[in-house]
Amino acid sequence: MTSPADRISDLFYYLAEDDMAQLMSYFRFRHLPKGEILWREGEPSEFIAFVVSGKLEARKETEFKGKQVIIGVISDGSIVGDAAILDRRPVGATVLAMQDSALLCIAADDFDRLLEEQPILGMKLLKSMMLIMSTRMRHMAGRLAAIF
């Protein structure tokens, strides 16, 4: 079984062990109990969440008031809130915990401060985020191709 420290290291693929202590000063841990909502569609984005353990569900409002469709499941090793925090637009989906989850969160202001104060460290974090997102896109493309 993988330890939480190993899972965190996997999230930050391009960072050396020495970088981790510096990086963690910008982050905070958050426990999200099963059923709790991380944020609702349309709310302002205030942070990015790296999923250390657990599973989250993303839901999007439909044209039928009060009805939602599940658009994705976010599990450990992934991130959520990345798009909204980069373009500073409201969150595009409601995200809730399908099971107890451990998140490593960085607030928008701390993300900006990291990029300004530690540009090399910030670049490594951005590369790690891009790796996670490109892996997610590959999986999504594969699932889509399997449908057809």
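Residue numbers count from 1 along this sequence. What you see is a predicted model, and the numbers here were worked out from it, not measured in a lab.
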Are [Y] and [X] linked, directly or through intermediate hydrophobic residues, by side-chain heavy-atom contacts shorter than 4.5 Å (ILVMFWY only)?
| X | Y | answer |
| --- | --- | --- |
| Ile70 | Val95 | no |
| Val73 | Ile71 | no |
| Met98 | Val52 | no |

Pairs of donor and acceptor atoms involving the side chains of residues 29-48, under 3.5 Å and at least two apart or interchain, shall be tabulated with distances.
unit_1 : atom_1 : unit_2 : atom_2 : d
Glu41  : OE1    : Glu61  : N      : 2.7
Glu41  : OE2    : Lys60  : NZ     : 3.0
Glu43  : OE1    : Arg40  : N      : 3.1

From CA spacing to verdict: salt bridge (charged side-chain N to carboxylate O under 4.0 Å, His left out), Lys55, Glu57: CA-CA 7 Å; Lys55 197 172 285 195; Glu57 181 177 86; over 6 Å; no
Pair listing, salt bridge (Lys or Arg N to Asp or Glu O under 4.0 Å) test, anchored in residues 94-106, at least two apart: none
Closest non-hydrogen atom pair between Ser101 and Gly54, with its separation: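 Where Ser101 meets Gly54 most closely, the heavy atoms are OG-CA, 3.5 Å.
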Ser53 versus Asp76, closest heavy-atom pair with distance: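 Scanning both residues completely, I find the closest heavy atoms to be CA-CB, 3.7 Å.
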Considering only heavy atoms from C-beta outward, does the side chain of [X] approach that of [Y] to under 4.5 Å?
| X | Y | result |
| --- | --- | --- |
| Gln68 | Thr62 | no |
| Phe50 | Val80 | no |
| Leu56 | Leu103 | yes |

Pairwise distance CG(Leu96) to CD1(Ile74) - rounded to 0.5 angstrom: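 Those atoms lie 9.0 Å apart.
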Report all side-chain donor-acceptor pairs from residues 113-133 shorter than 3.5 Å, counting only partners two or more places apart or in another chain.
unit_1 : atom_1 : unit_2 : atom_2 : d
Arg113 : NH1    : Glu117 : OE1    : 3.3
Arg113 : NH2    : Asp110 : OD1    : 3.2
Glu117 : OE1    : Tyr26  : OH     : 2.7
Gln118 : OE1    : Gln22  : NE2    : 3.4
Lys124 : NZ     : Asp19  : OD2    : 3.0
Ser128 : OG     : Tyr13  : N      : 3.3
Ser128 : OG     : Tyr14  : N      : 3.2
Ser128 : OG     : Lys124 : O      : 3.1

